[in-house]
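All remarks here apply to the structure that follows.
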Amino acid sequence: MDGIGVLMTCPMFAHLEQELAKRFKLYRLWDYPSPRRFFETHSGSIRAVVGNTKVGADAELIHALPRLEMVATYSVGLDKIDLGKCREKGIRVANTPDVLTDDVADVAIALMLCVLRKVCGCDAFVRSGKWKSRDFGFTTKFSGQSIGIVGLGRIGSAIAKRAEAFGCPISYHSRSEKPRVSYKYYPSAVELARHCRILVVACALTAETRHIIGREVLDALGPEGVLINIGRGAHVDEPELVSALLEGRLGGAGLDVFENEPEVAEELLRMDNVVLLPHVGSDTVETSTVMADLVLANLEAHFAGNPLPTPVI
Ligand code: NAP
């Protein structure tokens with residue numbers, strides 16, 4: 001498959017880049033001063049694109065690559081791919097579901113524990129030497145807190161399973177009620193927020209779920225409530241989140257994702273009731289390796305004329 005042109009949209013995991021370079025004629029979009037300059041010389045050579053959560057395949061990129069057959073994303077989320085355009089042009093799409101579920105669910109639990117038990121504040125307290133002059137103070141119990149999950153898919157279900165082990169009652173909101181689960185279903189995110197202490201966002205980002213967490217949901221969650229977002233930044237209306245926290249209408253937040261990554265609202269940086277992570281939900285060496293291998297397996301299957309291991313389209 002040496003001669004097949006594959007385009008990586010931005011730097012990702014080094015193992016993926018190395019393995020792609022061994023198997024295909026690899027082009028790196030970031031090697032060029034602008035995408036336009038790349039398209040001027042190589043647009044006719046590219047048969048597959050490898051994107052991720054930062055740069056995927058939007059309508060402009062798809063339009064610029066007339067021989068594009070496949071988009072293989074190094075992510076489970078599909079929000080950076082113009083799926084409608086791919087369908088229209090008969091372009092295959094594959095992602096990396098399941099293999100990252102455990103890691104992202106682990107991070108969701110870590111955020112809940114960090115916000116309620118103030119783990120980061122405790123760590124800073126010890127390092128600063130303040131412990132020598134006084135005790136840290138009290139935090140909030142996590143075990144047994146009611147948890148509401150927006151999006152009871154693969155990751156949402158894995159979070160629920162973990163939270164159950166902490167004795168937390170679980171409820172959820174998804175597009176559809178799941179007949180096989182015993183958790184309580186609420187038909188809207190607002191209703192769910194009214195009935196839980198910790199609200200976790202774990203749904204897919206689509207036109208319908210953009211800003212699914214706005215003022216009404218945050219007010220329903222209330223001054224004792226905590227928002228955890230391990231989905232995508234655009235699920236949350238970030239200015240509304242900042243206002244709710246500043247005005248004490250929301251108790252705290254744990255965020256792995258932001259609306260305008262890597263930019264984070266200045267106000268959030270100064271709050272001690274929020275924990276901020278740089279979008280690292282699935283970023284373990286183990287999971288990144290398996291995700292990379294899945295991207296490679298999908299590309300190889302496509303070019304060998306075999307069924308894709310994890311097809312989206
Ligand atoms: P999944 O199994 O496809 O689950 C997606 C869930 O979203 C489903 O429960 C679905 O509900 C729900 N959903 C879709 N549209 C909705 C709507 N309009 N209203 C309410 N719920 C809606 O996907 P997954 O593997 O769990 O991944 C979920 C998301 O996590 C990804 O799309 C990605 O954005 C995010 N993620 C983040 C990281 C990170 O590093 N932080 C890593 C991986 C993934 P139904 O079941 O009713 O259809």
Side-chain angles (χ1 to χ4, degrees), residues 12-13 51-54 56 73-81 83 93-112 114 147-163 170-181 183-193 196 199-214 216-217 227-236 253-259 261-262 264 275-288 290-292 294-295 310-313:
M12 298 173 211
F13 187 48
N52 69 358
T53 58
K54 295 192 188 89
T73 184
Y74 176 70
S75 68
V76 67
L78 302 165
D79 45 285
K80 289 284 162 107
I81 303 172
L83 293 175
V93 176
N95 64 346
T96 61
D98 296 313
V99 296
L100 43 62
T101 296
D102 282 341
D103 278 357
V104 185
D106 292 351
V107 164
I109 297 292
L111 281 170
M112 294 181 218
C114 285
I147 296 184
I149 300 173
V150 182
L152 198 70
R154 289 171 289 242
I155 294 171
S157 302
I159 295 167
K161 192 172 145 198
R162 283 157 175 73
I170 312 291
S171 51
Y172 72 101
H173 164 66
S174 274
R175 276 178 300 198
S176 55
E177 189 167 353
K178 313 288 167 209
R180 281 186 207 84
V181 304
Y183 315 135
K184 185 160 176 48
Y185 175 76
Y186 287 100
S188 73
V190 180
E191 275 302 301
L192 178 65
C196 66
L199 186 70
V200 187
V201 184
C203 59
L205 178 61
T206 63
E208 294 82 54
T209 62
R210 195 184 134 75
H211 287 190
I212 190 168
I213 310 298
E216 205 187 346
V217 172
L227 179 75
I228 303 293
N229 189 5
I230 52 80
R232 288 283 183 265
H235 282 130
V236 178
L255 310 170
D256 184 42
V257 286
F258 301 86
E259 265 204 288
E261 295 173 10
V264 176
V275 173
L276 310 169
L277 304 184
H279 198 154
V280 289
S282 61
D283 287 358
T284 63
V285 174
E286 293 84 350
T287 292
S288 299
V290 183
M291 286 170 67
L294 196 47
V295 169
T310 49
V312 175
I313 299 177

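Any value given below was found using the heavy atoms of this structure, including those in side chains, with hydrogens, waters and symmetry copies removed. Counting starts at 1 for both ligands and their atoms, following the listed order. Index from 1, following the sequence.
With hydrogens left out, the protein atom closest to atom 10 (C) of ligand 1 is Arg175 NH2, 4.1 Å, a heavy atom. Of all protein heavy atoms, the one closest to atom 31 (C) of ligand 1 is Val76 CG1, 3.9 Å. Here the protein heavy atom with the shortest distance to atom 26 (O) of ligand 1 is Ile155 N, 2.8 Å. Atom 45 (P) of ligand 1 has Lys178 NZ, 3.2 Å as its closest protein atom, hydrogens excluded (heavy atom only). For atom 41 (N) of ligand 1, the closest non-hydrogen atom of the protein is Asp256 OD2, 2.8 Å.
The His279 neighbourhood of ligand 1 comprises atoms 39 (C), 40 (O), 41 (N), with distances under 4.0 Å to a heavy atom of that residue. Close contacts of ligand 1 with Ala204, meaning ligand atoms under 4.0 Å from a residue heavy atom, involve 5 (C), 7 (O), 32 (O). Numbered from 1 in the order shown, with element, the atoms of ligand 1 that lie under 4.0 Å from a heavy atom of Val104 read 42 (C), 43 (C). Of all atoms in ligand 1, numbered sequentially from 1 with element shown, those under 4.0 Å from a heavy atom of Ser282 are 40 (O). Of all atoms in ligand 1, numbered sequentially from 1 with element shown, those under 4.0 Å from a heavy atom of Gly231 are 34 (O), 35 (C), 37 (C). The contact set between ligand 1 and Leu152, taken as ligand atoms under 4.0 Å from a residue heavy atom, comprises 9 (O).
Salt-bridge check for Asp102 with Lys161: failed, with every basic side-chain N at 4.0 Å or more from each acidic carboxylate O.
Between Tyr172 and Tyr186, the distance separating the two ring centers is not shorter than 6.0 angstrom.
Of the candidates Val201, Ile230, Asp79, Ile149, the one placing a heavy atom closest to atom 37 (C) of ligand 1 is Ile230. Within the set Arg154, Glu208, Arg232, the minimum heavy-atom distance to atom 23 (O) of ligand 1 is found for Arg154. The option from Gly77, Ser75, Gly153, Cys203 that lies nearest to atom 29 (C) of ligand 1, judged by heavy atoms, is Cys203.
Taken to the nearest 0.5 Å, the CG atom of Leu100 stands 10.0 Å off from the CG atom of Asp283.
With Asn229 contributing its side chain and Leu255 its backbone, the two residues share no donor-acceptor pair below 3.5 Å. Distance alone, capped at 3.5 Å, is enough to place a donor-acceptor pair between the Thr209 side chain and the Thr206 backbone. For Glu191 (side chain) and Ser188 (main-chain N/O), no donor-acceptor pair under 3.5 Å exists by modelled atom type. Tyr185 places a side-chain N or O within donor-acceptor distance of the main-chain N or O of Ser174, the cut-off being under 3.5 Å.
Under the salt bridge (charged side-chain N to carboxylate O under 4.0 Å, His left out) criterion, the residue pairs touching residues 227-236 are Asp79-Arg232, with sequence neighbours excluded.
Just one of Leu111, Val280, Asp106, Leu277 meets the side-chain contact (heavy atoms from CB on, under 4.5 Å) condition when paired with Ile230; it is Leu111.
Using a non-hydrogen distance threshold of 4.0 Å, Thr209 registers as a contact of ligand 1. For Ala202, the heavy-atom gap to ligand 1 drops under 4.0 angstrom.
Atom CD of Glu216 is surrounded by 12 or fewer heavy atoms from other residues, nucleotides or ligands within 6.0 Å.
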